[in-house]
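The next block holds one structure in the form of structure tokens; read it before the comments.
Here the structure is a predicted model, which is why all the values come from computation and not from measurement. Letters go in sequence order (proteins before strands), and every chain restarts at 1.
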Protein chains: 2
Amino acid sequence: MPTPHYGQPRYRAIADELRERIETGAIPPGALLPAESALTAEFRAARGTIRQAIAVLREERLVATDHGRGTYANPSWNESGLTEGSEPKRSERQVAADPELAALFDVEVGAALIEQQSLIRANGVVGTVIRAYRVLWTKQ
Amino acid sequence: MPTPHYGQPRYRAIADELRERIETGAIPPGALLPAESALTAEFRAARGTIRQAIAVLREERLVATDHGRGTYANPSWNESGLTEGSEPKRSERQVAADPELAALFDVEVGAALIEQQSLIRANGVVGTVIRAYRVLWTKQ
DNA sequence: AGAAATTTGTCCGTATGTATC
DNA sequence: AGATACATACGGACAAATTTC
């Protein structure tokens with residue numbers, strides 16, 4: 001546990017994990033990554049290690065951090081990144097919570113949720129649709 | 001006095017002190033703890049150290065913190081009940097395509113889709129629900 | 001209604017001491 | 001010896017939610 005960096009250093013492994021979450025849409029474009037303190041808890045890594053991992057992603061332009069605010073995923077949804085991106089593939093709208101979502105978020109059915117939809121295209125055709133839901137009103 | 005952690009770290013000692021004040025009633029249930037700025041002055045510790053101490057108590061459910069408001073002692077309404085058993089954080093099921101998804105995937109309404117749902121928790125509560133949709137049979 | 005002050009949340013940079021590969 | 005990593009601690013700054021004036 002202390003410092004076994006078999007092959008790959010820890011901060012790179014953490015960077016890989018976070019990169020996957022972003023690329024799979026688990027952390028949708030424009031969303032905030034968990035705070036450094038939350039990541040230290042989740043990965044049970046020191047803050048310096050977490051910051052090193054995020055620095056890797058920042059260098060890849062996969063995230064951008066605002067001082068005092070947080071670290072955002074995919075800040076380049078308006079500028080074509082790797083692909084020429086024929087269409088904007090992100091949209092956000094307000095929807096009502098269906099019974100299942102209401103139970104998960106512990107809110108009333110019909111409560112306002114933010115739905116962020118992203119599309120993943122392969123060869124021009126839509127391969128995956130990702131919908132991320134979060135409560136509009138934190139707290140209640 | 002830079003950073004000697006002989007024996008017990010400072011944030012634990014501070015947490016112990018605050019815990020005792022709560023348990024002895026010096027800080028009654030529902031009352032606000034002194035602000036972080038006040039605690040930094042009292043213990044002559046950095047704010048980060050104070051916040052670490054409070055984080056310990058928060059984990060013990062001895063206090064609860066509201067952004068912009070303060071940290072309360074003994075939140076009596078802790079009916080949360082530590083969850084009814086860990087829910088799976090990733091589940092997969094087959095659903096029928098709604099009109100929007102059907103259009104995106106270019107299939108008929110009602111066609112079979114795979115929905116993969118993931119939950120992202122922050123501090124134990126569901127913060128985001130991710131639903132990823134794919135067509136069931138990717139017959140080229 | 002609006003501005004200011006308070007308070008918590010988050011990030012930044014740095015530093016020390018310890019331990020392991 | 002050097003790189004990696006952990007745990008702890010400091011101080012500063014900006015952001016956001018809440019309260020007070």
Query raised in the report: What string of B, S and - do you get for nucleotides 4-13 of chain C, 5' to 3', if B is base contact, S is sugar-phosphate-only contact and - is no contact with any protein heavy atom under 4.0 Å?
Result: ---BBBBBBB
Report summary line: A/Arg12 atom CZ is separated from C/dC21 atom P, nearest whole Å, by 21 Å
Query raised in the report: More than 12 foreign heavy atoms under 6.0 Å from CG of B/Asp16: is that the case here?
Result: yes
Query raised in the report: Considering the terminal five base pairs at each end of the helix from C/dG2-D/dC21 to C/dC21-D/dG2, what angle separates the two local helix axes, rounded to 10°?
Result: 10°
Report task. Take atom CD1 of A/Ile50 and atom P of D/dC6, then tell me their distance rounded to the nearest Å. Result -> 8 Å
Query raised in the report: Within this structure, what is the CZ-to-C1' distance between B/Phe43 and D/dC10, rounded to whole angstrom?
Result: 17 Å
**Report entry** Intermediate values then yes/no, side-chain contact (heavy atoms from CB on, under 4.5 Å), B/Val129 and A/Leu113
**Finding:** CA-CA 11 Å; B/Val129 176; A/Leu113 298 179; over 6 Å; no
Query - Whole-Å distance separating the CZ atom of B/Arg10 from the P atom of C/dT16 - result: 18 Å
Query raised in the report: Is any side-chain N or O of B/Tyr11 closer than 4.0 Å to OP1 or OP2 of D/dT8?
Result: yes
Query raised in the report: Hey, mind stepping through B/Asp98 and A/Arg131 against salt bridge (Lys or Arg N to Asp or Glu O under 4.0 Å) and telling me if it holds?
Result: CA-CA 13 Å; B/Asp98 65 38; A/Arg131 290 177 176 170; 3.5 Å; yes
Query raised in the report: So do the side chains of B/Tyr72 and B/Leu32 get within less than 4.5 Å of each other, counting heavy atoms only?
Result: yes
Report task. Step by step, work out the side-chain contact (heavy atoms from CB on, under 4.5 Å) result for B/Glu60 and B/Leu57. Result -> CA-CA 5 Å; B/Glu60 297 170 0; B/Leu57 303 179; 3.8 Å; yes
Query raised in the report: If every non-hydrogen atom of A/Arg47 is compared with every non-hydrogen atom of A/Thr40, which pair is closest and at what distance?
Result: CA-CG2, 3.7 Å
Report task. For the pair B/Arg10 (side chain) and B/Phe43 (backbone), establish whether a donor and an acceptor sit closer than 3.5 Å, ignoring hydrogens and angles. Result -> yes
Query - Neighbour count >12 (heavy atoms, 6.0 Å) for atom CD, A/Glu42 - result: yes
